Q: 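The following block contains the structure, expressed as C-alpha cells.
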Amino acid sequence: MYDDALYTAPNDDPTAIRKPLMLGTFKIDVFEYPPQFLLLPRGLRLLAPEFLDQRMLWFALEGGVILLALLVVARFLGPTAGTRALLLSPLVWAAVPTISMLQKGNVQGAIIALSMVAMVLFERRRFALGGLLLGFATVSKLYPGLLCLYLLARRQWRAAAWTAAMGVALSVLTVVDFGWAPFSAFLQHFPGLLGGEAFPAFRNPSAMAINMSIPGLAFKLKLFGVPGMGFGAAKIIGWIYTPIALAATVVAARRLQSTPEKPLVWLAVLTLATLRSPFLPNAYGVFPALWLLTLLAATYVPRGRILGWTVAGWATLGIYWAVDWPVDPRIKALVNLLPQALMVVLAVLALRRRVPESVPVA
C-alpha cells in the first residue's frame with residue numbers, strides 16, 4: 001500500500017514536483033499512515049462503496065466529531081470557562097485552515113478531537129471507551145502517543161493500560177482483516193516517514209514553504225540557499241526537538257492541575273507532538289493551536305485587551321497559503337513563520353497557565 005505506483009503517474013520525474021494519478025477530478029495523495037488506519041476507510045466503504053459518497057459521509061463524520069469534541073471539552077471546563085469556550089468556538093470553525101482541512105477531508109482534525117474526548121473520558125473514569133479512542137488515534141497517527149507518556153507520568157495506570165490494550169486489539173483486528181503484508185511494508189517504509197524522505201512534498205518548494213513542522217525549518221533555510229540543509233539537517237533538528245517535547249510533557253504531567261487547566265495541557269501536548277512531524281502543512285497544522293487559543297482565552301475574564309489578543313492570534317493562525325498559489329516560496333516561508341512561532345508560544349503559555357478551580361467571572 002506504500003507502492004508509489006498506486007498514487008503517482010508513470011511519467012513522473014522524481015527530481016521535479018510530483019505528478020499524481022487522478023480519481024475523476026481529484027488528485028490522489030500518497031498513503032502515509034500506519035496499517036491500523038485502514039480500519040476506518042474499511043468501515044466507511046461498507047456504508048458508502050463509491051468514493052464521492054464516501055467523501056461526503058466523511059465530511060459529515062469529521063465535522064460531527066470535531067463539534068462533539070468542542071462541546072465535551074467546553075462542558076468539562078465548567079460553566080464559566082466552558083460558556084466562554086463555546087462563545088469563542090466559531091473562531092475555530094471560521095478560520096480558513098479549518099475550512100481547508102474539512103474540505104480536503106484530512107483526518108488531522110478528527111484525530112485531535114478523538115484524543116481530547118478520550119482524555120475527558122479518562123477523567124470521567126470511562127476507561128474502556130477512552131482507551132479505544134486514544135488507542136485508535138495513537139496507532140493510526142502515532143503522535144497522540146505523547147498523551148500516553150502524559151498518562152504514565154501522572155501514574156494514570158488504568159487509562160494507559162486500556163489505551164495500550166485497545167491499540168493491541170486494533171492491531172490484531174487489522175492483521176485478521178488485511179494480513180501481515182501491510183505491517184511488513186510499514187516497517188520498511190517507517191524510516192522514510194520518520195525522516196521525511198517518504199513525503200513527495202519535499203520535491204515542491206511551495207510545499208516546503210508552508211510546512212509548519214520544526215524539522216521542516218531546515219528546508220525553509222534551504223529555500224534561502226543555506227548550504228547543508230536537507231533531510232540530514234531536518235533529522236538533527238527533529239531529534240533535538242524530541243527530548244524537549246518529551247520533557248515538557250513529563251514536567252506538565254507531574255505538576256498539580258486544576259480542572260480548567262487540564263484541557264489546556266492536553267491540547268498543548270498534542271500541538272507539540274504535531275510539530276515533530278517531518279511535514280505539517282498549514283492547511284491543517286494550525287487546527288490544534290486555533291482550538292488552544294480559544295480555550296486559553298476562555299480562562300481569562302473577557303476584557304477588551306484579552307479579546308483583542310485573541311482576535312490577533314486568530315488572524316495570525318489563519319494565514320493560509322495554497323501550495324499552487326503563484327507566490328515566491330521564500331515569501332511564503334517568511335510569512336508562515338508567524339503562525340508557526342505562535343503555535344509554540346501558545347503551547348508554552350498553556351503549559352504554564354495556572355487557573356483556579358473556580359474561574360473568575362466578569
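All residue numbers in this chain count up from 1 along the given sequence. Since this is a predicted model, take the numbers as computed values, not measurements.
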Q: Suppose we call two aromatic rings close when their centres sit under 6.0 Å apart. Are F76 and W266 close by that rule?
A: yes

Q: Looking at Y300, I'd like to know if the NZ or CZ of R353 sits under 6.0 Å from its six-membered ring centre while staying within 45 degrees of the ring's axis.
A: yes

Q: Measure the spacing between CG of L147 and CG of L152 and express it to the nearest 0.5 Å.
A: 11.0 Å

Q: Start with the C-alpha distance between R255 and E261, add both sets of side-chain angles, then the distance that settles salt bridge (charged side-chain N to carboxylate O under 4.0 Å, His left out), and finish with yes or no.
A: CA-CA 11 Å; R255 71 172 172 83; E261 289 173 14; 2.8 Å; yes

Q: Which label fits F219 and F231: parallel for a plane angle under 30°, tilted from 30 to 60°, or perpendicular past 60°?
A: perpendicular

Q: Got a donor-acceptor contact below 3.5 angstrom from the T294 side chain to the W291 backbone?
A: yes

Q: To the nearest 0.5 Å, what is the distance between CG on D328 and OG on S206?
A: 8.5 Å

Q: Compute whether any side-chain donor of one residue and acceptor of the other, for Y143 and S277, lie under 3.5 angstrom apart.
A: no

Q: With no hydrogens and no angle check, do the side chains of R276 and S213 hold a donor and an acceptor under 3.5 Å apart?
A: no

Q: What I want to check is whether the side chains of T8 and D12 have a donor and an acceptor closer together than 3.5 Å.
A: no

Q: Could you tell me if Q36 and S140 have a donor-acceptor pair between their side chains, going purely by distance under 3.5 Å?
A: no

Q: Where does the angle between the aromatic ring planes of H189 and Y2 fall among parallel (under 30°), tilted (30 to 60°) and perpendicular (over 60°)?
A: parallel

Q: Between W325 and Y320 (judged by ring centroids, cut-off 6.0 Å), do the two rings come close enough to count as a pair?
A: yes

Q: Drop me the distance from F287's CZ to I66's CD1, to the nearest 0.5 angstrom.
A: 4.0 Å

